[in-house]
Amino acid sequence: LVNGLRKNGRMHEAKELFQNMFEKGLSPDSVIYTSFIDGLLKEGSMPMAFKVGEEMIDKGVMLDVVTYNVFINGLCKRGKIHQAEELLKEMLEKGLAPDHTTYNTLMDAQCKAGNVNEAFELCDQMTRSGLVPNLVTYNTLIGGLCESGKMHKIGELLNDMLKAGFAPDSITHSILIHGCIKKGTAEDVFRMHEQLLEKGLSPNLDTYNTLIDAFCTRGMTRKAKELWDEMLKKGLVPSVITYNALIDGYCKNKNLGESFCLYGEMIRQGIAPNLATYNILLGGLCMVGLMQEADELLNEMVVRGLVPN
RNA sequence: GGCCGUCUACCCAGUGGC
C-alpha cells in the first residue's frame with residue numbers, strides 16, 4: 001500500500017500510512033522503509049530521507065543493497081555523484097556486494113555529467129567484480145555515447161551487446177532514434193531502425209511510437225502516417241502516445257483539420273485524451289489565433305475531468 | 001523454494017543556462 005500510494009503521486013497518504021504502522025504497533029521492514037525512502041528522495045526531501053535511514057539503523061532494520069541503491073540513485077539524480085560514490089565505498093567496506101543496479105545507476109550519472117569514459121571505467125570495475133553487463137548497462141552506455149556525440153562508437157557496442165546475448169529492446173531503439181534525430185537525416189533514422197531490426201529488435205507499439213514521433217518532430221507527417229498505417233496492418237493498436245505524437249505533428253504543420261480528426265477518432269476508439277493531448281491541441285489553436293475555439297476546448301478538457309497545468 | 005522495494009529511453013507544456 002505504501003508503495004502503491006507513493007508511486008501514484010500520493011506521497012502524503014503514504015506518509016500517513018507509514019506513521020500508522022507505528023501506532024498499530026507494527027514495525028516496517030526494510031522493503032517498506034526502502035520504498036518510503038525512495039519516495040522521499042524522488043519528491044526532493046533528501047534530509048528527511050536520510051533521517052528515516054538513520055531511524056532504520058536505530059531500530060536495527062537491515063540496510064540492504066536495494067536501500068543503498070535507492071540512496072545512491074537519489075544522490076546521483078541531484079548531481080551529488082561524489083557522495084554516491086562514497087556510499088559505494090561504504091558498501092564495499094561493509095562487505096555488502098553492489099549489484100547491477102548499483103553500478104548502472106552510477107554509470108548513468110557519469111554519462112549524464114558528460115563523463116562517458118568514467119562510465120566505461122565503472123563498467124570495467126563491475127565486470128572485474130564478477131558482474132557481466134546486462135541490458136540496462138548497455139542501454140545506459142549507448143545513451144552516454146549518444147549524448148556525447150560519439151555515434152561512431154555505437155556499432156561496436158551493439159555488437160558487444162549481441163555477443164553477450166542481448167538483442168536491442170525498445171528502450172535501446174528509443175535512445176538511438178533520438179540520438180539520430182538530433183543531427184541525422186530521415187535516412188539516418190531509417191537506417192538505424194533497420195540496423196536494430198537486423199540485430200534482433202522486435203517491432204512493437206513502443207518502437208512505432210518512437211518512430212512516428214521522430215518523424216512528426218521533423219514535420220514529416222506523411223512518413224509518420226505511413227508508419228501509422230503499417231502498424232495498423234500489423235494489428236497493433238495505437239495508444240494515447242501514438243495519437244499525441246501524430247496530432248502534434250499535424251498541429252506543428254498548422255494542419256488542425258487532421259489534428260482534430262484524430263482527436264475525434266481517439267475518443268471514438270475509446271482512447272482517453274490526456275493532459276498532453278489538450279496541451280498540443282490548445283497550442284495548435286493559439287498558434288493560428290483561434291482563441292474562441294481554444295477557450296471551448298479548455299472547457300471540454302475540464303468537463304472530461306482533466307486539470308489544466 | 002518463492003514474493004513486495006532500487007537502475008536505462010520515450011508523447012505536450014513548464015524552470016534555468018547559453
Side-chain angles (χ1 to χ4, degrees), chain A residues 1-4 6-7 14 28-42 49 56 61-77 84 87 98-112 119 122 126 131 133-147 161 166 168-179 181 205-217 224 238-249 251-252 259 266 271 273-284 286 301 306 308-309:
Chain A
L1 287 173
V2 169
N3 192 43
R6 65 97 178 177
K7 284 229 162 153
D29 62 5
S30 68
V31 172
I32 299 183
Y33 265 112
T34 303
S35 168
F36 187 60
I37 289 171
D38 188 47
L40 288 171
L41 289 166
K42 285 181 178 155
M56 275 180 88
V61 181
M62 285 281 286
L63 302 200
D64 62 12
V65 205
V66 181
T67 319
Y68 271 92
N69 289 345
V70 162
F71 275 112
I72 287 173
N73 185 245
L75 288 166
C76 282
K77 291 290 182 302
L87 284 184
D99 63 7
H100 282 100
T101 300
T102 321
Y103 284 107
N104 290 341
T105 303
L106 287 162
M107 279 180 228
D108 182 54
Q110 291 292 6
C111 287
K112 298 248 157 66
L122 274 163
M126 178 177 89
L131 296 168
N134 65 15
L135 186 55
V136 175
T137 314
Y138 285 108
N139 285 341
T140 303
L141 292 174
I142 287 171
L145 290 177
C146 283
E147 281 178 46
M161 186 173 156
F166 298 106
D169 67 355
S170 57
I171 295 183
T172 324
H173 177 260
S174 171
I175 295 169
L176 286 169
I177 295 300
H178 282 91
I181 319 181
L205 178 61
D206 291 327
T207 61
Y208 275 100
N209 283 347
T210 298
L211 279 182
I212 289 173
D213 179 55
F215 289 115
C216 284
T217 298
S239 66
V240 211
I241 293 182
T242 328
Y243 278 99
N244 286 351
L246 205 51
I247 289 174
D248 188 40
C251 277
K252 296 241 155 76
S259 290
M266 72 190 285
I271 311 280
N274 60 15
L275 186 61
T277 318
Y278 288 101
N279 284 339
I280 294 166
L281 289 169
L282 289 168
C286 291
M301 75 179 282
L306 292 166
N309 66 356

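The basis for the numbers below is simple: all heavy atoms, side chains too, and nothing from hydrogens, waters or symmetry mates. Just so it is clear: chains get the letters A, B, ... in the order the sequence lines come, proteins before strands, and each one is counted from 1.
When atom types are taken as modelled, the side chain of A:Thr34 and the backbone of A:Ser30 share a donor-acceptor pair closer than 3.5 angstrom. Within the 3.5 Å criterion, the main-chain N or O of A:Thr101 finds a donor-acceptor partner in the side chain of A:Thr105. Put simply, the side chain of A:Ser259 gets close to the backbone of A:Cys251: a donor and an acceptor are under 3.5 Å apart. A donor-acceptor pair is defined here as one N or O able to donate and one able to accept, closer than 3.5 Å; such a pair exists between the side chain of A:Thr137 and the backbone of A:Asn134.
By the side chain to side chain contact (heavy atoms under 4.5 Å, CB included) test, A:Lys252 pairs with A:Asp248, sequence neighbours left out. Partners of A:Tyr33 according to the ring-ring contact (aromatic ring centres under 6.0 Å, His included) rule, which considers only residues two or more places apart in sequence or in another chain, are A:Phe18. For A:Asp169, the side-chain hydrogen bond (donor to acceptor under 3.5 Å, both in side chains) criterion is met by A:Asn139, A:Thr172, not counting sequence neighbours.
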Might you list the N or O atoms of the protein lying below 3.5 Å from N or O atoms in nucleotides 3-8 of chain B, with each pair's distance?
unit_1	atom_1	unit_2	atom_2	d
B:G5	O3'	A:Arg6	NH2	3.4
B:G5	O2'	A:Ser35	N	3.4
B:G5	N1	A:Asp64	OD2	3.0
B:G5	N2	A:Ser30	O	3.4
B:G5	N2	A:Thr34	OG1	2.7
B:G5	N2	A:Asp64	OD1	3.0
B:G5	N2	A:Asp64	OD2	3.2
B:U6	OP1	A:Lys7	NZ	2.2
B:U6	O2	A:Asn69	ND2	2.7
B:C7	OP1	A:Lys42	NZ	2.9
B:C7	O4'	A:Thr105	OG1	3.4
B:C7	O2	A:Asn104	ND2	2.9
B:U8	OP1	A:Lys77	NZ	3.2
B:U8	O4'	A:Thr140	OG1	3.4
B:U8	O2	A:Asn139	ND2	3.0

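Counting only Watson-Crick or G-U wobble pairs whose defining distances are both under 3.5 Å, RNA chain B contains no stem of 3 or more consecutive pairs.
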remark   = Per-nucleotide protein contact along nucleotides 11-18 of chain B, 5' to 3', at a 4.0 Å heavy-atom cut-off (B base, S sugar-phosphate only, - neither), is BBB-----
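Residues A:Asp108 and A:Thr140 have side chains that never bring a donor and an acceptor to within less than 3.5 angstrom of each other.
A distance of 11.0 Å separates CG in A:Asn104 from CG in A:Asn73, rounded to the nearest 0.5 Å. For the atom pair A:Leu211 CG and A:Thr242 OG1, the distance stands at 11.5 Å (nearest 0.5 Å).
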